[in-house]
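Hydrogens, waters and symmetry mates play no part in the numbers below; they use all other heavy atoms, side chains included. Each ligand, and each atom within it, is numbered from 1 in the order the structure gives.
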Amino acid sequence: MRIDVISIFPDYLSPLGLSLIGKARRQGLLDVRTHDLRAWTRDRHRTVDDTPYGGGAGMVMRPEPWGEAIDEVSGHGEHLPRIVVPGPGGVPFSQAMAAELAAEPWLVFACGRYEGIDERVYDEYGERLSTVSLGDYVLNGGEVAVLAMVEALARLVPGVIGNVASLAEESHTGGLLEYPVYTKPPVWRGRKVPDVLRSGDHGAVAAWRDQQRRERTAARRPDLLAAALPASVTTLAGVEGLALTTAVPADAGEILTLSRACWLEEGRAHDSFAIPALVEDLDTVREDLTRWHTWVLRSHGRLIGSVRARQEDGLWDIGRLMVAPDLQGRRLGRALLEHAEQSAPEQVSTYGLVTGARSVDNLRMYRRAGYRVVERSDFRGVPTVRLTKPRRR
Ligand code: ADE
């Protein structure tokens, strides 16, 4: 991957020669080139800034050196690099954006200083250029932001990090914060390492870590857990330790397993195992998480239910409502359905869903919840019904 950084302080970027990034450069995995913007000035004083039109404090970076620098660094090849301009007014940088940028073959970072760069430079490069902010605070210039962004994205470039497993388990992968970690000694200043981590029980360790991630995220970054637990769903029909959260990619495997368990009975009832929920693979489940709002219901860490929904004009299309077979008949499905309904955007006027025509229990539950059959159809030979319910305000 090639990364060019244009700045009036190229020395500011010298840390990019250190540690893992420095090593990746020496190994040829990363080609990082820094450039002094002043090389593209034409006057004796190598001027890059001037007073703002319309008045006001500070100086603005002139467009000409930027245009010439970006054009020369980018070349005129068929594939032009994407341009990133750090700035406090940009879209927030995130792990997802780091992954997106890491997939680019070539990036040019343009570090502004003073009051910013003349707006015409942004207009000139249009969609090729993204303005990205590190956070809601103001730095003196883009260089520190570039150091942070390059570090975050470079470690996602294949080969840069030796231990790939450490990437998969990190904070923000899957939208949850990292679990706490411990090493020797087992007791320090009277503080013990949690017993479960020394138990040798890998399943218990995984469940504990998952729970810790969720608790930490709820305590420190509740914004990441977009769906709050409805007040009625803390304990339902004797099922304790319930937590309803927005599904994250890390949930995909368990969602797939639960769907197979739940739709098996449907398959039998309809003499068909070609039902989508039974045949789809993990990649499809993961992809669907980006296309639907999906919620998962856990009891003490175990995934016991899920539902998803998405908007299609005035309709809130609800689907994949499932509850673990051993916990059915306790109103958990109804609670999930109500949660999905309550999460509908303002513009939605109707809830809709599809189920098998012979799914007697489901149909009874949907009727009780206010749904009525509006259409009978068939999907690959399986008779289906569409039900809708008007939204009450
Ligand atoms: N330049 C100045 N402030 C910045 C910020 N918050 N993020 C990125 N670049 C910046």
Side-chain angles (χ1 to χ4, degrees), residues 1-19 21 30 32-41 47-54 56-67 69-70 73-74 81-104 106-157 170-172 175 177 220-221 223-224:
M1 175 181 197
R2 176 169 160 189
I3 296 174
D4 287 272
V5 189
I6 309 169
S7 159
I8 55 167
F9 296 120
D11 289 348
Y12 228 120
L13 300 148
S14 52
L16 295 177
L18 304 174
S19 185
I21 305 221
L30 290 177
V32 180
R33 306 181 194 182
T34 53
H35 310 270
D36 186 348
L37 178 69
R38 292 192 199 275
W40 285 277
T41 56
T47 311
V48 292
D49 59 339
D50 214 323
T51 52
Y53 275 118
M59 302 291 269
V60 175
M61 296 190 105
R62 294 175 64 107
E64 312 96 309
W66 274 115
I70 292 172
V73 167
S74 306
R82 192 161 152 192
I83 304 159
V84 178
V85 183
V91 294
F93 187 65
S94 62
Q95 188 65 25
M97 192 188 293
E100 188 190 313
L101 295 178
E104 295 279 339
W106 186 6
L107 295 171
V108 172
F109 286 94
C111 302
R113 285 248 147 193
Y114 314 121
E115 294 308 306
I117 302 172
D118 188 303
E119 189 63 22
R120 288 167 292 183
V121 175
Y122 298 87
D123 300 338
E124 171 76 6
Y125 296 99
E127 288 193 353
R128 253 183 82 199
L129 184 152
S130 320
T131 313
V132 180
S133 170
L134 221 51
D136 292 338
Y137 43 81
V138 180
L139 302 167
N140 287 334
E143 289 78 4
V144 167
V146 168
L147 288 175
M149 289 191 247
V150 169
E151 177 143 332
L153 71 91
R155 54 201 305 289
L156 302 177
V157 171
E170 287 177 336
S171 277
H172 293 291
L177 302 184
R220 297 178 186 175
R221 293 292 308 277
D223 54 307
L224 295 179

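For Tyr12, the OH atom sits in a loose shell: 12 or fewer heavy atoms of surrounding residues, nucleotides or ligands are nearer than 6.0 Å. Environment of CG in Asp136: sparse, with no more than 12 heavy atoms of neighbouring residues, nucleotides or ligands closer than 6.0 Å.
Heavy-atom minimum distance, Arg38 versus Thr41: O-OG1, 2.7 Å. Nearest approach of Val121 to Leu129, heavy atoms of both residues: O-CD1, 4.2 Å. Scanning both residues, Met61 and Leu37, for their nearest heavy atoms gives CE-CD2, 3.8 Å.
Around ligand 1 you find Pro86, Gly87, Pro88, Val132, Ser133, Leu134, Gly135, Tyr137, Val138, Leu139, Gly141, Ala145, each with a heavy-atom distance below 4.0 Å.
Take Asp36 and apply the salt bridge (charged side-chain N to carboxylate O under 4.0 Å, His left out) test, not counting sequence neighbours, and it matches no residue.
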